[in-house]
2 protein chains.
Amino acid sequence: MSTAVRNDDSGLRAAPKGGSGLRKQSKADASRERVLEAAAKTFSERGYAGTTMRDIARAADLQAGSLYYHYPSKELLIEAVIDKGIHNITNAVVNTIATLPPSTSYADRVRAAIQAHLHALLTYSAFASASRHLLAQVPVEVRRKHVLRREAYEEFWLGLLQSSQAAGETRDGVDLRLARTFILGGLNSALDWYRPEGKSIEELADQFAMMVEGGILIDRPD
Amino acid sequence: MSTAVRNDDSGLRAAPKGGSGLRKQSKADASRERVLEAAAKTFSERGYAGTTMRDIARAADLQAGSLYYHYPSKELLIEAVIDKGIHNITNAVVNTIATLPPSTSYADRVRAAIQAHLHALLTYSAFASASRHLLAQVPVEVRRKHVLRREAYEEFWLGLLQSSQAAGETRDGVDLRLARTFILGGLNSALDWYRPEGKSIEELADQFAMMVEGGILIDRPD
DNA sequence: GTCTATATGGTGATAGAC
DNA sequence: GTCTATCACCATATAGAC
């Protein structure tokens, strides 16, 4: 059934600059957070070069110069956005799988991973969208680091499918690396078309899991 | 089996400016073509705003000012690239399906569509990539027009799946709109990772068709 | 912390020589 | 057709007042 999960951990809380590190939310932290959200939204809509610091400032209700109090450059701002985008999804999925009972079948594990991936993807969609679409447009050093993180996440999925294969739960003849990219590509495409007014994320996940399990067409009607 | 197809029609030949419209390839046409290829490559790598006319000129072995002899603005250049990207794929798939024998099963039609889509996608990958990733970053009027064309192509796929369902060849309980986005999302993700040194496009298509038909996991091992 | 300047450099597009 | 030179504008980032 529907192994319900909620393992968010937005991750990456920036340490307070000055003091003893005790307060929950200084004014600076709140602004910094607002800037990051505004940046994610704007970058994801207009691309890296297409977004100006003025655009982000407007979305965060600040003047452009003020952004530099929180982030030293546009480059480090997109990096923070991309970082959080990858982090959100990886954490959600890895934590979800880690907390399943050991007896869980691999079909159910894959189902739970699909559910967690989709949930994180669509809940933090601006961050996820920036991570997915903008990596190629970002300065090289930033790109290299995050390509590695993405690959690590993809390897996690491959491991899931390989375990499933070892347990005799995958179809013969399926190339698992291709299966992984096909699954993740299909899920991630939801960023481009998902609207909250329609199906719930849970319904989506159930449908996708069903297609991954048994396919879409019937093998042959004869 | 592998309904081999080749129905390219790169489409969209710009009419020669001056004359009687008889010559195959004037010097201007050749340059214009080179500019368009260079633009597709550069836009797809660096995004719309991240690409400068100087970048495109360098890739086309020209000076920046010379581009304006062939295209009147950056905006119309990206529009031509996106247009060709969508056109290539739509034409390839629609023509392929149109030339199949009427007796072809729907599983085979879907297989042929997957093959044609993948072939066009990866053969003209710079154009396809620009169409997919840059539509959001492009001036509004350009975007509106091409969103409609993309939707028309997606409707074609939905029609294919609906016919398949009417013929009793789809699994019960599958939402066909979701199936369509899942399939196209999975296929399009190949833009991000396909390398010609690895599997051939035909092998990819066969694998994907297999997953679409029967799924990736086994329904239940008990 | 946030503001209002402002410096410095890069951008799309045009003009006119060849 | 393609070049070189240039204009007018907008970008990131900084400095210093509040």
Side-chain angles (χ1 to χ4, degrees), chain A residues 14-19 23-39 42-43 45-81 134 137-142, chain B residues 14-19 23-39 42-43 45-82 130 134 137-142:
Chain A
K17 291 198 124 96
R23 286 179 323 307
K24 294 291 145 72
Q25 273 281 73
S26 72
K27 179 179 175 193
D29 285 344
S31 281
R32 197 183 145 93
E33 182 66 22
R34 238 177 46 244
V35 168
L36 195 62
E37 304 274 351
T42 317
F43 279 136
E45 286 169 356
R46 303 150 98 113
Y48 177 62
T51 294
T52 72
M53 295 300 269
R54 287 171 179 81
D55 291 335
I56 297 172
R58 193 177 324 116
D61 258 309
L62 286 174
Q63 295 303 310
S66 311
L67 295 178
Y68 291 85
Y69 178 81
H70 301 286
Y71 291 90
S73 70
K74 187 184 179 184
E75 188 170 327
L76 287 172
L77 191 42
I78 184 73
E79 173 161 19
V81 168
L134 272 43
Q137 303 173 22
V138 131
V140 255
E141 320 93 66
V142 181
Chain B
K17 293 198 122 95
R23 285 179 325 305
K24 295 291 145 69
Q25 272 283 71
S26 72
K27 179 180 175 193
D29 284 343
S31 282
R32 197 182 145 92
E33 181 67 23
R34 237 174 50 245
V35 168
L36 194 63
E37 305 274 351
T42 317
F43 279 135
E45 287 169 356
R46 303 148 98 113
Y48 177 63
T51 295
T52 71
M53 295 300 270
R54 287 167 178 81
D55 291 335
I56 298 172
R58 193 177 324 117
D61 258 309
L62 285 174
Q63 295 303 311
S66 311
L67 296 178
Y68 290 86
Y69 178 80
H70 302 286
Y71 290 90
S73 71
K74 188 185 179 184
E75 188 170 327
L76 287 171
L77 192 42
I78 185 72
E79 173 159 19
V81 168
I82 291 180
L134 272 44
Q137 304 173 20
V138 131
V140 255
E141 321 93 66
V142 180

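Heavy atoms only: backbone and side chains are in, while hydrogens, waters and symmetry mates are out. Proteins get letters first, then strands, A, B, ... in listed order; numbering begins at 1 in each.
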A130(B) versus I82(B), closest heavy-atom pair with distance
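Minimum heavy-atom separation between A130(B) and I82(B): O-CG1, 4.3 Å.
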
If you compare all heavy atoms of E141(A) against all heavy atoms of E75(A), which two are closest, and at what distance to 0.1 Å?
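Heavy atoms only, the tightest pair is OE1-OE2, 3.5 Å.
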
So, taking the atom named CD1 in I56(B) and the one named CG in L67(B), what distance separates them when rounded to the nearest 0.5 Å?
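Separation between the atoms: 6.5 Å.
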
For the atom pair CG (L77(A)) and CE (M53(A)), what is the distance rounded to the nearest 0.5 Å?
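The distance works out to 5.5 Å.
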
Nearest-Å distance, NZ (K74(A)) to P (dC10(D))?
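So the NZ-P distance, K74(A) to dC10(D), works out to 16 Å.
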
From CG of L76(A) over to C1' of dA13(D), roughly how many Å is that when rounded to an integer?
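Atom CG in L76(A) sits about 13 Å away from atom C1' in dA13(D).
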
Interface residues of residues 57-68 of chain B with DNA chain C (non-hydrogen, below 4.0 angstrom)
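G65(B), Y68(B) - these, ordered by number, are the residues of the stretch whose heavy atoms sit under 4.0 Å from the strand.
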
Assign each of M53(A) and S31(B) to its nearest nucleotide of DNA chain D by heavy atoms, then name whichever residue's nucleotide is nearer the 5' end.
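Checking each residue's closest nucleotide, the 5'-ward one belongs to S31(B).
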
Leading and trailing nucleotides of DNA chain C with any atom under 4.0 Å from heavy atoms of chain B:
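Using the under 4.0 Å cut-off, the span is dT11(C) to dT14(C).
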
Is the closest side-chain heavy-atom distance between L134(B) and V81(B) below 4.5 Å?
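Heavy-atom side-chain distance check fails, nothing below 4.5 Å.
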
Under the side-chain contact (heavy atoms from CB on, under 4.5 Å) criterion, do V138(B) and E79(B) qualify, and how do the steps go?
CA-CA 8 Å; V138(B) 131; E79(B) 173 159 19; over 6 Å; no

What pairs of residues pass the salt bridge (charged side-chain N to carboxylate O under 4.0 Å, His left out) test when at least one of them lies in residues 49-63 of chain A, not counting sequence neighbours?
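Sorted pair list: R46(A)-D55(A), D55(A)-R58(A).
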
Is the Lys NZ or Arg CZ of K74(A) less than 6.0 Å from the centre of F43(A)'s six-membered ring, within 45° of the axis?
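Because its charged atom misses either the 6.0 Å distance or the 45° angle limit, K74(A) does not stack over F43(A).
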
